[in-house]
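For reference, the structure discussed in these notes is given below.
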Amino acid sequence: MGQAGQNEFLGLTSRTKAQAQNVFSKQNGGTEEETRLLHFTYYKMSQFWKPGTEKPQILDDEEGGILFFSAPPSSSSRFGYSSIEKQRQRLPVYKYRNAILYLVETHATSIIVGETGSGKTTQIPQYLNEAGWAEGGRVIACTQPRRLAVQAVASRVAEEMGVKLGEEVGYVIRFEDLTKPGATKIKFLTDGVLLREMMDDPLLTNYSVIMVDEAHERSLSTDILLGLLKKIQRRRPELRIIISSATIEAKTMSSFFNTRRANGKTVEAIEPRKDPAILSVEGRGFNVQIHYLEEPASDYLQAAVSTVLSIHDQSFLDPAPQHCSRLFVLPLYSGLSRADQDLIFSPTPRGKRKVIVSTNIAETSLTLEGIVYVVDSGFSKQRFYNPISDIENLVVAPISKASARQRAGRAGRVRSGKCYRLYTEEYFVNEMSAEGIPEMQRSNLVSCVIQLKALGIDNILGFDWPASPAPEAMIRALEVLYSLGIIDDDAKLTSPIGFQVAEIPLDPMISKMILSGSLLGCLEEVITIAAILSVQSIWVSVRGVQKEMDEVKLRFAAAEGDHVTYLNVYKAFLQSGKSSQWCYKNFINYHAMRKVMETREQLKRITQRLGIALKSCERDTQVLRKAITTGFFANACRLEAFSQAGMYKTIKSSQEVYIHPSSVLFRVNPKWVIYNSIVSTDRHYMRNVIAIDPSWLTEAAPQFYHHQRGEKVAY
DNA sequence: GAGCACTGC
């Protein structure tokens, strides 16, 4: 690499300021930081919370370090309010307004438990703004796990405040920044975006209050964020954190954030209390009557069907023999096209009843108004990660009480409803776990580890998590990152590879592939592949036209494998002038392709910022496959020549795997392949497969394969 | 010759 390249890499290294400033380590002095803190503290004193006339009634539980509130009666209505103002006052959260402001002022962390419909998400940021928390250029942040929620809540709040979205009230999601620095006071964003922001501003100094909403969902990025916020609090005592959760299991969170010293050191008046406050706000749903089975069901599918039919029989006054034809049954899952998803909102044909058979997309992501009956199987498909085999499995597993309540709540949104649980009450009470297993404890952790490393957190195994992940999973993640050359012998990010990988918002194996692609002169191609691999599928999912689809696929098929096939599709799509019509004809998902283009543009910007060269390898697919190999060498498999046709074994752990029938290499069965991911059903199927030469493996990861060869691999 | 958890940067 030339001198210019070196400098660019060095320039990059300082981009990850958290690492450079080492803000989370103990020895850090950081006078600049302290000056800023002083400024904040001084500022805050001058606009101390005005308790107003009514002081909230507080029941102080000193033992647990938790405050319980009983709300004062709601204040009488006054004149001069617009209807939107009246609506705001009718929300259950309104009568806790002063209590919430008092808690936030006096406690570093406040936990607000509120059911759906309490209004906490839209109102609390506004209360904080009204109380002055956004003065002096500071910003109130509110995070959400999902992009759609960010957009929806932000526009609602902008409307309530009578301001233009993107001015005082703004939002940031991937690909979309609708904020105005200096003007935006309330900012909604996904927790993933806030984590990315920490790479540039590790102490999140722009924010006076950070509200983490939907914390009960315990998503991977929410948990990482909470762990980091706890660290930030030590350096920024003036920062306020609000954790908002729908379940009462808030004590776990409370003890996590309780940093009060046991020996009772005198705390200065301006410092908030370190023990979190808990406040509970009631929801505003309608009554939902719960029904249980008397005996456990042996087949939940059968039980679900007969329950639906019996609801239908009971509630139709004229149960004609052909009553099934009166059912209007629709599927709902995320892989459906938008048009098919929108069908569920379509009016029900006259004389018919709509039945929606849904995955748990309907549990949190999508809200259907007007549901009266919910049938809850008691199961959902959940991802579990096995760190030993390094394989993620999708399994049907029992849901938690929290999920069951969430499902039932879907029946009571516009009027009272009923929920039929396909399990016994005894099972619900005694056997169902209160909450689901946090994602952190059932995921592959490579992305999570690299994010922490990028923030300068060296002791990953000792990191204080809201829920500790399995040590095996941590160790596996460290091993993978080490073999990729992303971390060194001391488990620190390598320069430049490690720092660059941390900058790219994708799975580290994909990021490594991109960086190798630039060195090998095929960056144009690898970022296209990276973008395509980041969407669920570029093919449409239509049933009944499989044959035509397969024939069309053959037009793009490349002997090298799926990645090269995707490149052919992308090129043809560009040649068509990015035509949606062309997509339709070729069974390509147009929306997925648009997302691919968006992602590709972002990756292009990032690689430009990293100063790496955007070159094309034209028709040389060998360098391309070598680049893929440098990222995915750990997913190498060899065909078992003398066993069942099409059976492969992974080099890493001798797992039995097969090429997925959707792959262009299905039935082709090259001797050596590399896969992108595995889907597990009755067998482990490799998805997105390319053929490789085994010599590339030792080239890409000499230590990894040197070590493995002696034990398991015989070429 | 398969089977369609869900998010997110």
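Protein chains get the first letters and strands the later ones, always in sequence-line order, with residue 1 at the start of each. Side-chain atoms are counted along with the backbone in the values below, which use heavy atoms only and exclude waters and symmetry mates. Quick caveat, the model's predicted, so the values are computed rather than measured.
Among the heavy atoms of the strands lying under 4.0 Å from Tyr685(A) are primed sugar atoms or P, OP1, OP2 only; no base atom is included. Nucleic acid contact class of Arg174(A) (heavy atoms, under 4.0 Å, all strands): base. Across all strands, Ser219(A) comes closer than 4.0 Å to no nucleic acid atom at all (heavy-atom distances). Across all strands, Ser221(A) comes closer than 4.0 Å to no nucleic acid atom at all (heavy-atom distances). Counting non-hydrogen atoms under 4.0 angstrom, Asp682(A) reaches the backbone sugars and phosphates but no base. Heavy atoms of Leu394(A) sit under 4.0 angstrom from at least one base atom. Residue-level contact check: Ile173(A) touches the backbone only, with heavy atoms under 4.0 Å from sugar-phosphate atoms and none from bases. Using a 4.0 Å heavy-atom criterion, one finds that Ser380(A) contacts no nucleic acid atom at all.
Along DNA chain B, the nucleotide nearest to Arg667(A) and the one nearest to Gln451(A) differ in position, and the one closer to the 5' end is contacted by Arg667(A). With the nearest nucleotide of DNA chain B identified for both Arg442(A) and Ser447(A), Arg442(A) has the one nearer the 5' end.
You can see that DNA chain B meets the heavy atoms of chain A within a 4.0 Å-exclusive cut from dG1(B) to dC9(B), reading 5' to 3'.
Scanning for side-chain hydrogen bond (donor to acceptor under 3.5 Å, both in side chains) contacts around Gln451(A) gives an empty result, with sequence neighbours left out. For Ser400(A), the side-chain contact (heavy atoms from CB on, under 4.5 Å) criterion is met by Ala402(A), Ser403(A), Ser433(A), not counting sequence neighbours. Taking the side-chain contact (heavy atoms from CB on, under 4.5 Å) definition, one finds that Ala152(A) meets it with nothing, sequence neighbours left out. For Asp682(A), the side-chain contact (heavy atoms from CB on, under 4.5 Å) test picks out Tyr685(A), with sequence neighbours left out.
Within the structure, salt bridge (Lys or Arg N to Asp or Glu O under 4.0 Å) pairs that include any residue of residues 392-410 of chain A comprise Glu363(A)-Arg407(A), Asp376(A)-Arg407(A), Arg383(A)-Glu392(A) (at least two apart or interchain).
Aromatic rings of Phe379(A) and Tyr300(A) (six-membered ring for Trp) have centroids within the 6.0 Å cut-off, being under it.
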